[in-house]
Amino acid sequence: MRTRLCFLIPSVHKIFYVQRASLTMKRKASNISPRKQPSTIPKSSIGSYLSILQKEEPSSLDTERQAKENVDQNTNDMRLESQQGSETSSSTSEHSSSLVENAKVVCEEKLDECTFSSVSWQPPSRTPFRFLAEAFEVMEMTTSRLALIKILTQVFRKIVNTTPDDLLPCVYLCTNMLGPAHEGLELKAGEATVLNALSSATGNSVKVLKERLIKLGDIGDLAAECRTTQQTMFKPPSLTIQGVYQEFRTMANLAGKMSTKEREKHLQKLLVSATSQEAKYIARIVLGKLRIHIAYKTVIASLATVFAPCSKTVGKTADEMDSIVKEATATLNAVYSQLPMWDRIIPVLIQNKSTQGLEDHCRLTPGVPVGPMLAKPAKEASDVLERFQECSFVCEYKYDGMRAQIHYLPDGNVKIFSRNAEDDTPKYPDIVENIKFALSKNKAVRSFIIDSEVVAYDPETNVMKSFQELQGRARKEVKLEDIKVSVCVFAFDILFFNGESLLKWSLKERREKLIETFSPVQGKFQFTTSKVFTDWEGVDEMMDEAIQAGCEGLMIKALTGEYSSYEPSNRSQNWLKMKKDYMNSIGDSLDLVPIGAYYGRGKRSGVFGAFLLACYNSETEEFQTVCKLGTGFSDEFLSSITKFYKDGHILAEPKPYYGVSDSPTIIPDVWFDPCQVWETRCADLTLSPSHTAAKGMLSEEDKGIALRFPRFIRIREDKSVDDATTAEQIVELYSNQKSKM
DNA sequence: TCTGACTGCCC
DNA sequence: ATTCTGC
DNA sequence: GCAGAATGGGCAGTCAGA
């Protein structure tokens with residue numbers, strides 16, 4: 001707030017105020033310890049936090065070591081607990097009804113041992129949301145995966161044993177989901193909505209809240225803080241997990257006139273009924289950033305711990321238990337990536353009280369998206385050769401388009417899913433047609449799932465078009481006759497065929513199945529260009545050809561052997577991706593001048609989180625923006641560079657020779673003195689509606705040029721600001737790139 | 001009726 | 001998308 | 001090496017308000 005105020009005051013005072021502001025900033029930053037103290041522990045339950053708090057707030061190395069031992073000790077205790085528990089249930093494991101009863105006995109023992117919360121409830125009451133919020137609070141304070149899994153396991157176990165119907169909504173809230181991704185339910189509420197709701201719930205103006213948000217760096221912390229200062233006239237009904245989840249679904253289903261206000265009202269209602277701690281996590285769930293160091297992988301590991309099949313564990317050692325849990329985790333991982341629907345999986349888990357038999361109920365099914373296999377970046381030949389020594393590998397063109405998983409259902413329907421399991425079928429009626437055409441010669445096909453990349457394609461010239469053109473296609477309920485940008489499907493894998501999963505087949509076998517099942521149609525449905533290699537000989541040439549053809553680079557995969565199966569949802573080493581800009585020697589690298597910065601959020605609160613970068617236009621003698629930059633720097637660099645700029649290199653106003661769009665998403669929080677040059681790498685240059693580099697020097701007069709995938713490399717100490725990359729050079733790079741397409 | 005803010009989703 | 005970091 | 005959490009450009013679609 002103070003820095004903002006100083007803009008209105010003559011320059012001598014500006015310095016004074018800026019310095020004061022930076023001092024408070026510094027003091028604040030030094031207070032932030034790696035393990036953040038929770039701001040909102042309810043006094044009533046302080047005691048139950050203590051054990052974990054001590055572990056996470058060590059005051060010396062000694063206590064740190066001690067803390068580690070404590071955590072380990074606790075983890076072992078957990079194993080013993082479940083062992084004992086299962087001993088009890090093992091004797092009657094044949095009868096599921098007695099199983100349930102026994103589970104309850106076990107549960108009651110465990111209730112007392114809940115290490116993070118004293119909240120308790122009994123049906124018909126539903127699980128209090130406060131119980132989950134308290135777990136989140138503790139999870140936020142640690143980064144130890146074992147401790148995180150331990151806490152989540154306790155949460156799930158307690159819910160399963162008390163109010164099992166709440167497990168599903170609990171898992172949804174833990175993963176920021178409203179339902180299966182392919183069902184397409186969207187909350188349609190983000191930061192602005194939360195701020196508005198918070199404003200009407202607390203009486204603070206949005207402007208004040210925004211200023212406070214800059215300081216706090218987290219909207220949940222803001223919500224918690226607001227609640228603390230608000231007086232409550234009466235005690236509102238307390239929230240339940242089920243209630244919060246249902247409220248979100250209600251919000252998601254609102255549409256049309258007044259729906260924005262309506263959504264805000266629902267959110268306001270939630271925030272008013274929430275304790276400050278609950279408000280914190282409600283706000284974060286809405287934003288989709290829980291920031292408690294867990295995502296669905298940890299949820300899976302915890303569920304697997306709860307439902308690990310330990311019915312016959314009498315006399316088993318901790319190590320043996322460990323491997324049972326590991327196996328259960330692997331099972332649940334595999335099941336979820338082949339049927340990413342908690343509403344199908346969780347009822348089975350609860351019914352069976354075990355991960356056993358899960359695969360029989362939750363199978364790969366056409367019509368439900370599979371987690372797509374992902375690739376790891378490879379920077380140089382040796383990365384590839386190390387991985388694939390002694391065995392042959394395939395290189396495929398890496399097309400610059402969008403991933404599409406195409407399903408053919410036994411009823412003849414076609415479904416198309418995006419990389420993130422969204423249903424893209426309404427977007428691609430042309431692909432639905434092309435598929436049927438490519439299949440026409442093969443009447444034995446009843447069902448399949450294939451993996452492919454969709455690329456914008458000019459059917460006149462048979463030339464692939466840019467990602468940007470593909471991005472311009474309409475998305476909702478597209479009609480065949482309205483399509484303006486045609487596309488070609490480049491298929492590269494098949495995961496399912498006529499009722500059979502092919503995931504375990506080798507890539508060699510899958511490719512053969514793919515090729516025998518489809519007939520390519522030029523410009524509509526083709527196979528990716530690919531070639532088999534046994535060593536590096538010829539790979540560089542293929543890479544050049546791929547770039548020449550408008551591709552990003554190459555995908556590299558094992559053809560046969562243990563690394564050649566399809567691993568859904570895994571970014572494993574089985575697939576590598578290689579792009580020119582990964583390689584140190586090649587690729588575009590620009591020397592740019594930071595002219596402003598944005599306050600960081602989350603773990604970057606207190607330092608700058610991103611910067612506004614400019615090139616130099618010698619014609620207009622302006623610095624023109626080419627990108628914001630938010631990745632590539634170490635934590636240490638960020639804090640030192642924040643200090644550097646705040647210590648005398650901040651401007652109260654932009655220089656008159658800064659050419660910057662007036663879009664609020666571009667205008668930085670602070671302006672910089674142009675005094676450094678940063679080496680910045682990118683994948684591509686794109687036409688930009690919001691950046692100003694080379695504006696007016698292109699065929700599209702009102703557009704500038706921007707970097708695609710920009711990242712920080714290093715400070716160029718050896719360069720002065722006038723040696724920065726020029727707009728002319730950027731135009732040159734841009735037209736070089738265009739001529740390749 | 002048009003525009004800008006917001007959201008979600010591609011990369 | 002890319003990158004860094006704690007475990 | 002995994003999993004999580006920072007951050008990028010840019011588009012369509014929706015809705016509120018000019």
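When the side chain to side chain donor-acceptor pair (under 3.5 Å) test is applied to A:Lys557, the partners found at least two apart in sequence or on another chain are A:Glu396.
Picking from B:dC10, C:dT3, D:dA3 the nucleotide with the shortest atom distance to the side chain of A:Met402 gives B:dC10. Checking C:dG6, D:dG4, D:dG8 against every side-chain atom of A:Thr143, the shortest atom distance belongs to C:dG6. Picking from C:dT3, B:dG8, B:dC11 the nucleotide with the shortest atom distance to the side chain of A:Leu187 gives B:dG8. Among the nucleotides B:dC11, C:dT2, D:dG10, the one closest to the side chain of A:Glu552 is B:dC11. For A:Phe467, taking side-chain heavy atoms from C-beta onward, the closest of the listed nucleotides C:dC7, D:dG9, C:dC4 is D:dG9. When each of D:dT7, D:dC11, B:dT7 is scored by its nearest atom to the side-chain atoms of A:Glu191, the top-ranked nucleotide is B:dT7. Of the listed nucleotides (C:dT2, D:dG10, D:dT7), D:dG10 has the atom at the smallest distance from the side chain of A:His691. Between B:dC10, D:dG4, B:dT7, one nucleotide has an atom nearer to the side chain of A:Asp424 than all others, and that is B:dC10.
Between A:Ile294 and A:Lys628, the residue whose closest nucleotide on DNA chain D is further toward the 5' end is A:Ile294. Both A:Lys577 and A:Arg145 lie near DNA chain C, and the one whose nearest nucleotide falls closer to the 5' end is A:Lys577.
Proximity of A:Phe417 to A:Val370: side-chain heavy atoms (C-beta onward) are nowhere separated by under 4.5 Å.
Residue contacts shown for A:Asp400 are absent, as no nucleic acid heavy atom lies under 4.0 Å away. Using a 4.0 Å heavy-atom cutoff across all strands shown, A:Lys427 reaches no nucleic acid atom at all. Among the heavy atoms of the strands lying under 4.0 Å from A:Ser690 are primed sugar atoms or P, OP1, OP2 only; no base atom is included.
Proximity of A:Thr686 to the phosphate of D:dG9: no side-chain N or O atom is located under 4.0 Å from OP1 or OP2. Close to C:dT2, at under 4.0 Å from its OP1 or OP2, lies a side-chain N or O of A:Tyr582. Of the side-chain N and O atoms in A:Ser663, none sit less than 4.0 angstrom from OP1 or OP2 of B:dG4. OP1 or OP2 of D:dG4 has not a single side-chain nitrogen or oxygen of A:Lys603 nearer than 4.0 Å. Contact annotation: A:Thr193 side-chain N/O to B:dT7 OP1/OP2 distance is under 4.0 Å. When the side-chain nitrogen and oxygen atoms of A:Arg711 are compared with OP1 and OP2 of C:dT3, one or more of them lie within a distance under 4.0 Å. Here A:Ser418 reaches the OP1 or OP2 of B:dC10: one of its side-chain N or O atoms lies under 4.0 Å away.
Aromatic rings from A:Tyr399 and A:Phe492 are positioned such that their centres are separated by 6.0 Å or more.
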Could you give me the CA-CA distance, side-chain angles and deciding distance for A:Thr142 and A:Ser144, then say whether side chain to side chain donor-acceptor pair (under 3.5 Å) is met? CA-CA 6 Å; A:Thr142 181; A:Ser144 154; 4.6 Å; no
Using a cut-off of 4.0 Å between protein heavy atoms and nucleotide atoms, how would you tag nucleotides 12-18 of chain D 5' to 3' with B, S and -? BSSSS--
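With rounding to the nearest 0.5 Å, the separation of OG in A:Ser199 from NZ in A:Lys210 is 10.5 Å.
Under a cut-off of 6.0 angstrom, the local environment of CZ in A:Phe388 is crowded, with over 12 non-hydrogen atoms contributed by other residues, nucleotides or ligands.
Interface remark: the A:Thr631 side chain does form a donor-acceptor pair with the C:dT2 base, using a distance-only criterion of under 3.5 Å.
Note: A:Trp342 and A:Tyr336 have parallel aromatic rings, judged against thresholds of 30 and 60 degrees for the angle between ring planes. Ring geometry, A:Trp575 versus A:Tyr566: the interplanar angle exceeds 60°, so the pair is classed perpendicular (tilted spans 30 to 60°).
A:Arg284 has a carboxylate O that lies under 4.0 Å from a charged side-chain N of A:Asp218, or vice versa, which qualifies the two as a salt bridge. With respect to A:Glu137 and A:Lys280, a salt bridge is recorded, a charged nitrogen being found less than 4.0 Å from a carboxylate O.
A side chain to side chain donor-acceptor pair (under 3.5 Å) with A:Arg711 is found for one member of A:Asp581, A:Thr680, A:Thr631 and no other, namely A:Asp581.
Residues from residues 700-709 of chain A that place a heavy atom under 4.0 Å from any atom of DNA chain D, listed by number: A:Ala706, A:Leu707, A:Phe709.
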